[in-house]
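Reading through the C-alpha cells given below for one structure.
Below, chains carry the letters A, B, ... as their sequence lines are ordered, and counting in each starts from 1.
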Amino acid sequence: MCGRATLTCPPEVLAEHFGVALPASLVLPRFNITPSQPMLVVRATRSGSPADREAVMARWGLVPHWAEDASIGARCAQARRETIAQSAAFRDAFRARRCLVAVDGYYEWRRAHPQQKKTGAATPHWVHRGDGAPFALAGVWERWTTPEGERVETCAVITTEARGDVAQLHHRMPVVVPRERFSAWLAASPTGASELLSQIAEESAEGLACRAVSPRVNRPEHDDAACLEPATADAPLAPEPQLTFRF
DNA sequence: CCAGACGTTGTT
DNA sequence: GTCTGG
DNA sequence: CCAGACGTTGTT
DNA sequence: GTCTGG
C-alpha cells in the first residue's frame, strides 16, 4: 500500500502549506510518483529551531548509511510503524531524521476477490483529501554515500494498520501527519517520537476521501491527469461490495 | 570469534 | 516465482 | 505500487 | 554500523 503517489497542486499552495521554499528540482504536477523516484520531503534544518524547515527532493526507497550498495532501497519504500524504532534499517533515521513526505494523494490497489491474483483485476483507487489540500505522510530520510563518494538522499513512508473507512480499501495505510503536528513530528525527542507516532497513526484516516480510477496509473510511465479519471462504471469484472466515490 | 542479515507488500 | 526498474 | 524481465555464446 | 546465529 501507498506505493504510488500524486503531487498535483500549485507550487504556491505547497510552499504555504508546509512553510518552506520549494527546491528548484521539484517537478510539478506529478500524477504517478513511484518508488525510486524523487519525493518532496520537508525536514528540520540542520541547526535551526524546530519550526525552521527546509524542503528537498529525496529518492523514494531508504538506503541505510551502512549499506554497501543501494539495492536495499527497493525494499525500503515503506517502514512499519510497529517496528521502525527497532529495525536496523530504519531506527537511526527514526531517531534523528524524521520528515514529512508531501503528497496530495496516493494510490491503493484493491482486488475484489482473492482469486484475482494473476488476472490483472486489481482496481486502483486514488486516496486524497476531501478538501483537495496537500497533506503530509510521516517519513524518515537518510543520506547514503556511493562507493564513488556521491551523496544520495533517500526516504521512506511510515505505514500503519488502516483506520476508518480507508480500511475498506486495504489493511495498511500511510501515517498522515496533521498540519498542527508538523513541528512536533520534526522536533520530537528520540524517545518521544514513538509515542507521538502512535497518536498520529490513530488519526490518519481523518479527512481522507477516495475514488476508483482508471487502470492507466498501473504503468509507471503514465504520468498525466488521465490517471485520475474516475473508473468507468461499465464492464466491472466482478461485483464490488459498495465502496465507491467517497467516504 | 566470524558470517550474514539488515525490509515491505501480498499471497497461500 | 522472484527480482529489478520506474 | 505494477510491469516486465528472467540467458548464453559468438559474430557483425 | 550493529545485532543475531552458529
Side-chain angles (χ1 to χ4, degrees), chain A residues 1-7 27 30-39 57-97 101 103-128 137-147 152 154-162 166-175 190 197 201 210-224 226-228 231 237:
Chain A
M1 39 62 57
C2 196
R4 301 284 182 93
T6 62
L7 191 59
V27 174
R30 292 297 313 278
F31 296 90
N32 202 350
I33 305 170
T34 75
S36 81
Q37 293 181 353
M39 292 279 258
M57 304 308 293
R59 181 186 167 100
W60 189 3
L62 187 137
V63 179
H65 63 89
W66 43 258
E68 292 185 4
D69 63 78
S71 63
I72 190 174
R75 279 147 348 254
C76 295
Q78 297 92 12
R80 292 177 64 87
R81 175 192 68 79
E82 298 88 340
T83 54
I84 189 171
Q86 291 79 33
S87 87
F90 295 119
R91 64 188 168 204
D92 291 347
F94 181 64
R95 286 190 214 115
R97 285 176 294 283
V101 178
V103 302
D104 67 359
Y106 66 91
Y107 296 100
E108 198 79 84
W109 277 260
R110 176 175 173 275
R111 291 177 204 287
H113 297 303
Q115 295 89 344
Q116 297 173 335
K117 39 177 186 176
K118 200 67 180 175
T119 61
T123 302
H125 294 252
W126 185 51
V127 182
H128 57 102
L137 307 182
V140 288
W141 66 275
E142 273 281 12
R143 184 173 291 142
W144 182 68
T145 304
T146 68
V152 182
T154 64
C155 67
V157 165
I158 302 174
T159 66
T160 190
E161 184 180 346
V166 194
Q168 297 298 306
L169 267 187
H170 205 69
H171 67 106
R172 304 288 296 175
M173 71 178 293
V175 175
L197 181 59
C210 151
R211 71 158 177 256
V213 294
S214 160
R216 178 173 177 77
V217 72
N218 288 9
R219 292 176 176 269
E221 64 266 34
H222 292 164
D223 185 7
D224 54 41
C227 291
L228 298 184
L237 304 176

Quiz item: Do A/R216 and A/D224 come within less than 4.5 Å of each other through their side chains, counting heavy atoms only?
Solution: yes
Quiz item: For B/dT8, does OP1 or OP2 lie under 4.0 Å from any side-chain N or O of A/T83?
Solution: yes
Quiz item: Can you name the closest pair of heavy atoms from A/V140 and A/I158 and give their distance?
Solution: CG1-CD1, 4.4 Å
Practice problem: Quick one: closest heavy-atom pair of A/C227 and A/F31, and the distance? | Solution: CB-O, 4.1 Å
Exercise. Would you mind classifying the nucleic acid contact of A/Y106 as base, sugar-phosphate or nothing, using non-hydrogen atoms under 4.0 angstrom?
Key: nothing
Self-check item: A/R216 CZ - D/dA3 P separation (whole Å)
Solution: 13 Å
Practice problem: Look at the side-chain N and O atoms of A/R4 and state whether any lies under 4.0 Å from the OP1 or OP2 oxygen of C/dG6. | Solution: no
Quiz item: Looking only at atom P, what distance separates D/dG7 and C/dC3, rounded to whole Å?
Solution: 12 Å
Quiz item: Rounding to a whole Å, what distance do you find between A/Q86:CD and B/dT8:P?
Solution: 11 Å
Self-check item: Integer angstrom distance from the C1' of D/dC2 to that of B/dT8
Solution: 15 Å
Quiz item: According to a 3.5 Å limit on both distances, what stems of 3 or more consecutive Watson-Crick or G-U pairs are formed with DNA chain C?
Solution: C:1-6 with D:1-6
Quiz item: Which part of the nucleic acid, if any, lies within contact of A/A89, taking any heavy atom under 4.0 Å across all strands shown: a base, the sugar-phosphate backbone alone, or nothing?
Solution: sugar-phosphate
Practice problem: Would you indicate which nucleotide in C/dG6, E/dC3, D/dC2 comes nearest to any side-chain atom of A/Q37? | Solution: C/dG6
Quiz item: Quick one: A/D224 CG to C/dG6 P, roughly how many Å, whole number?
Solution: 19 Å
Quiz item: A/T159 side chain N/O closer than 4.0 Å to the phosphate oxygens (OP1, OP2) of B/dT9?
Solution: yes
Practice problem: Select base, sugar-phosphate, or nothing to describe what A/H222 touches, counting heavy atoms under 4.0 Å on all strands. | Solution: nothing
Quiz item: A/W109 has a side chain; which of D/dC2, E/dG1, B/dT9 sits nearest to it?
Solution: D/dC2
Exercise. Pick the C1' atom in B/dA5 and in C/dG6, then give their distance to the nearest Å.
Key: 27 Å
Quiz item: Do you see a donor-acceptor pair shorter than 3.5 Å between the side chains of A/Q78 and A/R172?
Solution: no
Quiz prompt | Separation of atom CZ in A/F90 from atom P in B/dC6, rounded to whole Å | solution = 12 Å
Self-check item: Pi stacking test for A/W66 and B/dC6: under 5.5 Å apart, planes under 30°
Solution: yes
Practice problem: Examine B/dT9: is either OP1 or OP2 under 4.0 Å from a nitrogen or oxygen in the side chain of A/R80? Give yes or no. | Solution: yes
Practice problem: Measure the shortest side-chain to side-chain distance between A/V103 and A/V157 over non-hydrogen atoms and say whether it is less than 4.5 angstrom. | Solution: no
Exercise. Give a yes/no on whether any side-chain N or O of A/R111 is located under 4.0 angstrom from OP1 or OP2 of B/dT11.
Key: yes
Practice problem: Can you tell me the distance, in whole Å, between the CG atom of A/D69 and the P atom of E/dG1? | Solution: 16 Å
Self-check item: Whole angstrom value for the distance that separates P of D/dA3 from CG of A/D223
Solution: 16 Å
Quiz item: Atom CZ of A/F94 and atom C1' of E/dT2: how far apart are they, to the nearest Å?
Solution: 19 Å
Quiz item: If you take all heavy atoms of A/C2 and A/E108, which pair is closest and at what distance?
Solution: N-OE2, 3.6 Å
Quiz item: Looking at B/dC6, B/dT8, C/dG5, which one has an atom nearest to any side-chain atom of A/A88?
Solution: B/dC6
Quiz item: Under 4.0 angstrom, heavy atoms only, what part of the nucleic acid is A/E221 near: base, sugar-phosphate, or nothing?
Solution: nothing
Quiz item: Strictly by modelled atom types, are A/W144 and A/T154 linked by a side-chain donor-acceptor pair under 3.5 Å?
Solution: no
Self-check item: Interatomic distance, A/H171 NE2 vs D/dC1 C1' [rounded to whole Å]
Solution: 13 Å
Quiz item: Hey, is A/D92 close enough to A/R97 for a salt bridge, meaning N to O under 4.0 Å?
Solution: no
Quiz item: So, for A/D104 and A/H128, which heavy atoms are closest and what is the spacing to 0.1 Å?
Solution: O-CB, 3.6 Å
Quiz item: Nearest to the side chain of A/T34, which nucleotide is it out of C/dG6, B/dC6, B/dT9?
Solution: C/dG6
Quiz item: How would you label the contact of A/R59 with the nucleic acid (heavy atoms, under 4.0 Å): base, sugar-phosphate, or nothing?
Solution: nothing
